[in-house]
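Chain letters run A, B, ... following the sequence lines, proteins first and then strands; every chain starts at 1.
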Amino acid sequence: MKNLKIHTENMYLYYGSKMALNNVSIEIPENKVTALIGPSGCGKSTFLRSLNRMNDLIDSVKIEGNIFIDDINIYDKNIDVVNLRKKVGMVFQKSNPFAKSIFENVAYGPRINGINNNNELTEIVEKSLQNAAIWDEVKDRLHDSALGLSGGQQQRLCIARTLAVNPEVILMDEPASALDPISTSKIEELIVQLKENYTIVIVTHNMQQAARISDDTAFFYLGELIEFGKTKKIFTNPDKKQTEDYITGRFG
Amino acid sequence: MDNFKKIKDLFKNKKPNPADKIDITRKRFRWSDFIAEKIIKSVAFLSITIIILIFIFVFRESFPIFNFAKKEKPKTEQVSNTQEQYGVETTAPEKQEQYGVEETTAPEKQEQYGVQTTEDTTKGESFTPQEVTESGSTTDNNKSALKTLPTKVWQPVSDNPRYGLLPLLIGTIKITLISLLFAGPLAILAALYTSVFAPKRLKELIKPTIEMLAGVPSVVIGFFALMVMATFLQNLFGYDVRLNSFVGGIAMGLAAIPIIYTITEDALTAVPKTYYEASLALGASKWQTAFFVILPAATPGIFAAILLGIGRVFGETMIALMATGNAAMMGLNPFESVRTLAATIGAEMAEVVFGDTHYNVLFLIGSMLFIFTFAINAIAEFWVKGKLMKKIQGK
């Protein structure tokens, strides 16, 4: 059947003494778009960030249970977190290009991986920008500051930056939440294209967006994974009443 | 106040009186706003005015040096003659100590010291210019002083005073460079460590400790440099002159570190945390993130910090007086004694005759300090912010 990319077993996460994730077990398939939905504060972003161990940056976080990527437990003691994050890239809710030129933003990832050949870098930058569907808009001003781009362009630049290190999984934390409909649709198209080569996990508050672009959908509520299944099924005929209530807008 | 009462009524579920409706048709004059604004404005302008007034005063006192419109005596030959003699004299290193003694003496003792300094050279010749200078008017003194300004000898208290500013200038630049080379990397790296790497508790310990160094009076740092550091560094590096620009530079670096550190640390901490996260999410290690993302993003703040550091060192007087040896020597060797511009004013202003040429030259030095500080700031503003920033952060 389908190949598993990420799966978790009985995962618990605590901020200090407060439980943020409660017994989450999920199986995310390879080369598919998986959407995580749920009301604010339900733990979906927390879950996403634990997939590339960004939660390590917060001192009070404690994690129990197992998270496997390609059947490797990423919370094992011997895991190299730096390389894990090369494998599992992340695009954040707020676009956060560095205060550098557009070119340098994209070239940063390859550079820190030891690629210093200029021709090679130029090639990677061009390809990444093309894959992120922003090349035509920025090709004439690659050496201008990235901070001068519009919000939607900045977000696509961030996606290009993530693509440039060639990860296997891309985590997206509400990548289109601050964008206008046109930019949003561009990013949605992009995500659908990207799933050919990458496994994508996306957190979104936009129900239509989840329905449009994802193959599977997980519904989180109060730190628990309520329901996980094919997007079509979740949106048309969910098993749980809570899911139905949330999707139809009756609570949350 | 009426509005406030109305809101209170609203919360008590009372119906507001229709007569109390907010009136927007009449423009009200708000006294408190007006007064507050004027006070803030006048305070801001007051500080600017004070700076301008200080500058005008300092420059006015130095102005007589350039003013020699009255009749001239053809005296230049003699002056240039003696110049050469003294030039020879000063290049002898063993004479340095004597000059130090000389300068601290009151002007009326000139004759005695004149004898002292001329002991080495032929006596007959050097006595003649002494008589000439004493008989000459102030304008003539100023004129000859002006000619000596770009020379290599600073010898304001002598029979034949020379006011060569070059050694002072070079000494100041030398000290500034040494202290910046010492303090800059140290302070910036310390700031990088505390803002990126250090655990929170350690940061709360390191930051106040380094900032406390800013509260140490410069006379204490100078004393420490004079008594402890000078000996220690001499033993370590084995140079000849105990007090020199190296010791002075390091001591002034100690004074500049907290300034550079604090402002750099603030600039680094102000870099959005999202940069840090984004870089880590791309698979960068912590130090790669620190050096290639956070440090470049904080460059404007770091340059401001370095500029303030330069300002501090440039104008530092006490440490320069105590730790640099105070001998006005030219030369690029960092282990030679130097005399800085600020230290010269500090050492000589109290002893100088009011309105004298020497007095005017000291004020000229003051104006120079002013102008240099402005120039450094201007260069930084136009070059660093204009060109360098574009290179680092994109156009």
Side-chain angles (χ1 to χ4, degrees), chain A residues 48-49 51-59 80-114 138 141-149 154 157-158 161-167 170-173, chain B residues 188 191-205 263-264 266-305 384-395:
Chain A
L48 193 77
R49 288 168 63 93
L51 294 182
N52 68 345
R53 293 187 58 170
M54 290 304 278
N55 281 332
D56 291 13
L57 303 179
I58 303 163
D59 289 335
D80 186 283
V81 182
V82 169
N83 279 336
L84 168 72
R85 290 183 186 138
K86 280 175 192 161
K87 198 175 155 116
V88 185
M90 188 162 192
V91 175
F92 295 84
Q93 177 175 8
K94 207 167 153 263
S95 59
N96 51 1
F98 302 131
K100 297 169 184 274
S101 69
I102 295 169
F103 182 90
E104 285 300 324
N105 258 282
V106 184
Y108 173 74
R111 243 192 248 277
I112 55 173
N113 285 319
V138 299
R141 46 171 177 157
L142 284 178
H143 296 284
D144 289 6
S145 172
L147 302 179
L149 295 174
Q154 286 192 6
L157 178 69
C158 291
R161 189 173 64 182
T162 309
L163 296 181
V165 286
N166 201 18
I170 300 178
L171 310 173
M172 295 186 173
D173 191 355
Chain B
I188 292 171
L192 196 64
Y193 174 73
T194 35
S195 76
V196 182
F197 295 98
K200 213 177 164 194
R201 260 186 221 162
L202 197 59
K203 177 180 171 172
E204 279 163 10
L205 183 76
I263 296 167
T264 306
D266 288 346
L268 289 172
T269 311
V271 173
K273 211 175 153 76
T274 55
Y275 285 24
Y276 183 64
E277 288 186 336
S279 174
L280 287 187
L282 287 171
S285 64
K286 247 183 164 182
W287 76 265
Q288 284 171 326
T289 306
F291 275 91
F292 301 126
V293 173
I294 295 180
L295 210 53
T299 28
I302 294 174
F303 273 110
V384 174
K385 286 205 177 146
K387 299 260 170 76
L388 201 66
M389 292 300 297
K390 272 182 190 161
K391 214 176 164 190
I392 295 173
Q393 306 197 338
K395 273 166 225 163

Residue Val91(A) versus chain B: region with a heavy atom under 4.5 Å: neither
Phe92(A) portion near chain B, given a 4.5 angstrom heavy-atom threshold: side chain
Listed once per pair and sorted, the salt bridge (charged side-chain N to carboxylate O under 4.0 Å, His left out) pairs that draw on residues 83-99 of chain A, sequence neighbours left out: Asp70(A)-Lys87(A), Lys87(A)-Glu168(A)
Region of Pro97(A) in contact with chain B, defined by heavy-atom distances below 4.5 Å: backbone
Please output the side-chain donor-acceptor pairs of residues 273-281 of chain B that fall under 3.5 Å, not counting sequence neighbours, one pair per line with the distance.
| unit_1 | atom_1 | unit_2 | atom_2 | d |
| --- | --- | --- | --- | --- |
| Glu277(B) | OE2 | Arg49(A) | NH2 | 3.0 |
| Ser279(B) | OG | Tyr108(A) | OH | 2.7 |
| Ser279(B) | OG | Thr289(B) | OG1 | 2.9 |

Which portion of Met54(A) sits near chain B, non-hydrogen atoms under 4.5 angstrom: side chain
Nearest non-hydrogen partners of Leu282(B) and Ile112(A), listed with the distance: O-CD1, 4.3 Å
Top contributor to chain B interface from Leu84(A), Val165(A), Leu57(A) [non-hydrogen pairs under 4.5 Å]: Leu57(A)
Heavy-atom proximity to chain B below 4.5 Å, by part of Arg141(A): neither
